[in-house]
Structures are given as C-alpha cells and as structure tokens.
**Q** 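Starting off with a structure, shown below.
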Amino acid sequence: MNQNKENNANILDAGPFYHGTKADLKQGDLLVAGYCSNYGKRQKANFVYFSATMNAAIWGAELALGDMPEHIYCVEPTGTFENDPNLTDKKFPGNPTRSYRSRQPLRIIGEITKWEGHSQSSIQEMKKNLEELKKQGIEAIN
C-alpha cells in the first residue's frame, strides 16, 4: 500500500503513520503544506509533518497552539517523504522518533480516540525547552 518505500530508498518505514494536532478533521481530509504552522510564530509551513510513533504524534497534539481538543490521526502519505531533519541528525542520530515530512498531502485515514498524553509537568518542561530554543533563534518549522 505504501509506495514511498520504493520512492524513498533511504526510508525503510512502512508505517502506520500518525499526525498530532488540534485541528478537527475527518476521514478523507487532506493535510497540505502551505498553511500557517500550528507551532512557534505560525509561519507558513513548507512541509506536512508526521511520525510512525504515537509518542511523537502525541507531542505534536499537545504542543500545537490553540485551545481546541487534541487529536491523533492515522495518515497516509500521498507522495514522497523524507526524514524530518529537525529531529534526525541535527538532534538525534538516525531517526529514532521515526519522524518525517512531505511536500505532498497526507490523507486522514482514521483517528486514534484512546491515547494517553504526557504529564503536565513533562509538557511544561518541553515548552520551556522550546522557549529556550526560540530565544536562540531556532524554529523547527520551515
């Protein structure tokens, strides 16, 4: 089902893939690049981001800006994708978070409705770390 294994010889991940957000979406919707990011300064995102781990998707949902409920969606890449350079060799050797990005849309194929989030203290610590990076001029979204 996933053609990307052939299109991305350096990516050996067949999924399943997840996207965490506060956006209210339904099956069949497409996540597309070119809209304001859910993070940081809300700059236009040139990519859509996703992960093959629930933990990374949960962080995505918890750290997204806004007061809407958090969602974890099962997604399917519609085109090629690559390792997310913000979470790979710059920060972690290889790709232990199994995080990716694509310029092509991601299709929502379902929603995970039962998942356990991080503790409030862990979320506050992560937000503090992200704020420190921001002070250094480091924004993860491009």
Side-chain angles (χ1 to χ4, degrees), residues 1-5 7-8 10-142:
M1 181 160 127
N2 184 359
Q3 302 172 39
N4 293 301
K5 193 168 183 181
N7 295 339
N8 298 287
N10 62 330
I11 298 174
L12 302 175
D13 203 325
F17 298 114
Y18 308 100
H19 178 83
T21 185
K22 291 185 180 168
D24 187 21
L25 304 168
K26 62 184 183 300
Q27 190 169 344
D29 285 350
L30 294 176
L31 295 168
V32 297
Y35 287 92
C36 293
S37 165
N38 288 321
Y39 309 95
K41 296 178 184 174
R42 299 204 47 127
Q43 295 177 334
K44 181 179 125 178
N46 296 319
F47 299 91
V48 286
Y49 294 83
F50 59 105
S51 176
T53 68
M54 279 291 293
N55 190 48
I58 290 169
W59 277 119
E62 292 171 334
L63 297 174
L65 298 174
D67 296 326
M68 301 297 290
E70 299 159 347
H71 297 276
I72 304 293
Y73 295 106
C74 295
V75 296
E76 176 181 65
T78 63
T80 60
F81 58 92
E82 63 188 16
N83 289 319
D84 177 357
N86 300 306
L87 293 172
T88 54
D89 295 325
K90 286 184 185 177
K91 196 167 185 181
F92 304 106
N95 191 354
T97 63
R98 297 169 64 199
S99 296
Y100 306 100
R101 68 183 190 178
S102 178
R103 291 187 188 273
Q104 285 81 42
L106 302 177
R107 184 180 340 281
I108 305 294
I109 59 173
E111 182 174 0
I112 306 296
T113 57
K114 295 185 191 244
W115 50 275
E116 187 173 329
H118 298 95
S119 69
Q120 283 302 313
S121 61
S122 293
I123 293 169
Q124 290 308 317
E125 185 66 23
M126 179 67 84
K127 287 181 177 181
K128 179 181 162 189
N129 292 339
L130 292 173
E131 191 60 35
E132 286 300 315
L133 290 173
K134 185 177 172 183
K135 287 178 186 175
Q136 298 172 29
I138 301 171
E139 283 269 2
I141 301 299
N142 59 11

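Being a predicted model, the structure only gives us computed values, none of them experimental.
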**Q** Minimum heavy-atom separation for I72 to A61, with atom names?
**A** CD1-CB, 3.9 Å
**Q** Just by modelled atom types, is the Y100 backbone N or O under 3.5 Å from a matching donor or acceptor in the Y49 side chain?
**A**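 The answer is no, because no donor-acceptor pair under 3.5 Å joins these two groups.
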**Q** Measure the CD-OG distance between E125 and S119 for me, rounded to the nearest 0.5 Å.
**A** 10.0 Å
**Q** If you measure from CD1 on I108 to SG on C74, what distance do you get to the nearest 0.5 Å?
**A**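 Separation between the atoms: 9.0 Å.
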**Q** Without swapping roles, check the side chain of K22 against the backbone of A64 for a donor-acceptor pair under 3.5 Å.
**A**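 It does hold such a pair.
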**Q** Ignoring hydrogens, what is the shortest heavy-atom contact between A56 and S51? Give both atom names and the distance.
**A** CB-OG, 3.3 Å
**Q** Kindly give the heavy-atom pair with the smallest separation between A33 and R103, and that separation in Å.
**A**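 That closest heavy-atom pairing would be CB-O, 4.1 Å.
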**Q** Determine whether the side chains of Q104 and T80 contain a donor N or O and an acceptor N or O closer than 3.5 Å.
**A**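 Yes, a side-chain donor-acceptor pair sits under 3.5 Å.
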**Q** Calculate, to the nearest 0.5 Å, the distance between atoms CG and OG belonging to N46 and S102 respectively.
**A** 12.0 Å
**Q** Any side-chain heavy-atom pair from L25 and L31 closer than 4.5 angstrom?
**A**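 The answer is yes; the side chains approach within 4.5 Å.
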**Q** Enter the distance from W59:CH2 to M54:CE here, rounded to the nearest 0.5 Å.
**A**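 Separation between the atoms: 13.5 Å.
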**Q** Donor-acceptor pair, distance only, cut-off 3.5 Å: does the side chain of T78 make one with the backbone of L106?
**A**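 Between the backbone of L106 and the side chain of T78 there is no qualifying donor-acceptor contact (under 3.5 Å).
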**Q** Would F81 and F47 count as a close aromatic pair, with their ring centres under 6.0 Å?
**A** no
**Q** So, E62 side chain and H118 main chain: donor-acceptor pair closer than 3.5 Å or not?
**A** yes
**Q** Is I58 close to W115 at the side-chain level, that is, under 4.5 Å between some pair of heavy atoms?
**A**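 The answer is yes; the side chains approach within 4.5 Å.
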**Q** Check for me whether the distance between the ring centres of F50 and Y73 falls short of 6.0 Å.
**A** no
**Q** Pair R101, V48 - check side-chain contact (heavy atoms from CB on, under 4.5 Å), show working.
**A** CA-CA 5 Å; R101 68 183 190 178; V48 286; over 6 Å; no
**Q** Look up atom CG in L63 and atom CD in E70, then write down how far apart they are to the nearest 0.5 Å.
**A** 9.0 Å
